[in-house]
Every structure is written in C-alpha cells, then in structure tokens.
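Single-structure report; data block below.
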Number of protein chains: 2
Amino acid sequence: MDLFAERGFDQTTVADIAARAGLTERTFFRHFTDKREVLFYGGQLLQEVMVAAVAAAPPDATPLAVVAAAVGAVAPAFAERRPGALVRQGIIEAHPELQEREVGKLARLAQAVADGLRQRGVPDPAARLAADAGVAVFRAAFAQWLASADRDMGSLIEECFDELIALAEAGR
Amino acid sequence: MDLFAERGFDQTTVADIAARAGLTERTFFRHFTDKREVLFYGGQLLQEVMVAAVAAAPPDATPLAVVAAAVGAVAPAFAERRPGALVRQGIIEAHPELQEREVGKLARLAQAVADGLRQRGVPDPAARLAADAGVAVFRAAFAQWLASADRDMGSLIEECFDELIALAEAGR
DNA sequence: AGCACTGATGTCAGTCACTGTCATAACCTA
DNA sequence: TAGGTTATGACAGTGACTGACATCAGTGCT
C-alpha cells in the first residue's frame, strides 16, 4: 500500500513489494493470487457477513428487507476506516484494471447474496434483482460515505434504500 | 472466438490468434487492447445506444422511466443472436477474469447512464441508484434470455423492471 | 511521373506478471 | 529423536503487453 501510494500502481513491481516486505517474489504470489489483490485483501469478510445476515433474517421477511438487513450488517466495519479507504479509493480510481477487480468482487458478492435468497425460497429473477439492488445501494452509500466527512455508513445505507424505493414508487 | 471455443481461453495464446488471423502478435494488440477484449468487442455500441436513449427521453420522465427506456432501447440488438451469445457466455463463465471484464464493462455503462441522468438534473445518489438498477434489470433479463429459448429480450426487460418495482413496493 | 504525407503492418528487443518444480529450513507431533 | 507438515527460497520458464524503428501501400498534390 505504501509503495502504491508512493510511486503509483504500475510503477510498483511485485519484486518491489516483495523486497519491501523482506520476502521473495515467489512468496508474494503464495499469499496473494494477484498483484491487484493486495488492495482487496479482506474483502471476503464483507461477503461472509452479508451471507450470514441473509441466512439469519426472519423467515417472513421480504426479499428487499433481507437484503437491507444484510447490507446494514456490514456498516459497523466502516467506522474509523475513512482515512485508509480514501487513499485506497484514490489508487483504485486511477486504474481501470483495479476498478474491474472491485466490481468483480461486488458481482461475486451479489451472486452469493442471490444464492442465499434462493435458499430462502425467493425465485429468479427476483433473487438476482434484489441482490443486485442491495449492491447498488451499498455502492451509492459507500460513495457518499467517502465524499462526505463524518457521515455514518449505517444511516447512509438506510437513506439510499429509501431513495431506491422512492425511485421505484415514482414508477416508470 | 473459434480458437477459444476449440481449446479454451488460457490454452489459446495471442500468437495463436494472430497466426490464425494471418497477422502478427503486435498487430493484434493494435486492434485489441487486451486478449480478453476479443470477447467484448462491440460492447461500446450498447453503451452508446443507452446513453443516446437517456438523452432522448422526454424531459418530464421519471428517472427510472428514463432508465427503462434506455435499457429497452438495446433489446432489438439481441434478436437472432442467441446461438453466438451462448458460446460466448460459456467461455466467460468458465473464467473469472472474463467475468471481471464483463462486469467492468457494465459498471462503465452504469457510470455513463448515471452521468446522463445527472445532466438531466437528477441528483446523487438517485442518479447512481437508478443507473445501477437499470443494469441490474439488464443482467437479470439477459440471464433469462440465455436460459430460455425463444423469449424476446424486450419483454424480458419489461418483466424484470416490473419485478424490481414489485420488490420495492413490497417494502423493507 | 514524382514527391510528401498518412496509416497499417512487420520486426525486434525488452519488461514484468505469474507458474511449476525442487530444495531447504522451521515447526510440530508422536 | 524421527517423521511429517508448512513456509520460504531458488530458478527456470511462459506468455501478455509495450516501445521504437523500419517498411510499404495508398492518397493527394504538383
């Protein structure tokens, strides 16, 4: 992360990273599947929390309510993390390949949530749509959270959910 | 595409592709930024059509209505394309790196649609949410279109939009 | 015809991400 | 202490991708 911030992503070779960490290039690739993966390490935790929340939601809950609970469940993990998240986002936004990885992770997350919904009996395409809607809300809330200082991720998520529902109710 | 279908994506080198095309490897990279890009050639057309539809929508249209019009505008492009789309999807689904590229393209598409909405005066986070919702509908409809023979992309998109609105109205 | 300009291609050398394989050292357990 | 497991190093190799320069066909101008 330090190296990426110092010289930029492509100006940093894996050999550089390994050297800075006092390891071999080969060892780096035993810990990270990818050079990009450095920036997304720990993202799996997000998915696990959300999937668990989907499974733990009350049986009679509406699909969107389940998804809202799942997205809300990850909000606490963002407290106090804004400074680090800002530099990370700065690096990602400067590199399309990194944005690809990011949305790829979110797509896998949506996939997992959709699977969880299907296990609760929600049929397609509703399961897929609800999961994708949840990820959309997460992305919108995350963007707001980065843009505005001192706003709570939890309340931003709630607001974005309300906004989405308002959009839908305005109809087409 | 033939080579990918024959031996698979990673078993096909760029040198193979260039040879089959009667060209040099270097020339390949002058036409495609990437080895993956072969599978996504022409995807920009989708984005152009949708952005144009966003700009062309009536001024008083609701954000979601604008997005629905935009997504609906690309439906005709799918007629008669199912056979090719099926082999393409088969290749993509077998390779996470290709799925990443696919969702990356969709993310850029959503970004462009959101920009179009903002130019129409739709504020954030509504613009972002509506655009992402549109992409979610597209994805769901596309999946159904691939799964079921002889269904029209246009009507699938409409159904998925209705489904999304129903989900939202069921509330949270 | 002769000339300049442009664009597409070839050639070649180079960098770097990533992988397979084997050796080695640290460690844990019976 | 012996034997197995795990983390690391060493090393060679593949293949995607890039930069620099040469070549050549076409096009317009004189």
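Reminder, nothing fancy here: chain letters follow the sequence lines and each chain counts from 1.
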Footprint string (nucleotides 5-20 of chain C, 5' to 3'): B base within contact, S backbone only, - free, heavy atoms under 4.0 Å: ----BBB-----SBBB

Hphob cluster co-occupancy, B:I92 + B:W145, side-chain heavy atoms under 4.5 angstrom: no

Salt bridge (charged side-chain N to carboxylate O under 4.0 Å, His left out) contacts in which one or both residues fall within residues 82-96 of chain B, not counting sequence neighbours: B:R88-B:E102

Within residues 131-141 of chain B or reaching into it, pairs that qualify as salt bridge (charged side-chain N to carboxylate O under 4.0 Å, His left out) - sequence neighbours excluded: A:D132-B:R139, A:R139-B:D132

Residues B:E163, A:R128; criterion salt bridge (Lys or Arg N to Asp or Glu O under 4.0 Å); working and verdict: CA-CA 11 Å; B:E163 183 72 40; A:R128 192 184 289 262; over 6 Å; no

Stacked cation flag B:K35 on B:F4, 6.0 angstrom / 45 deg: no

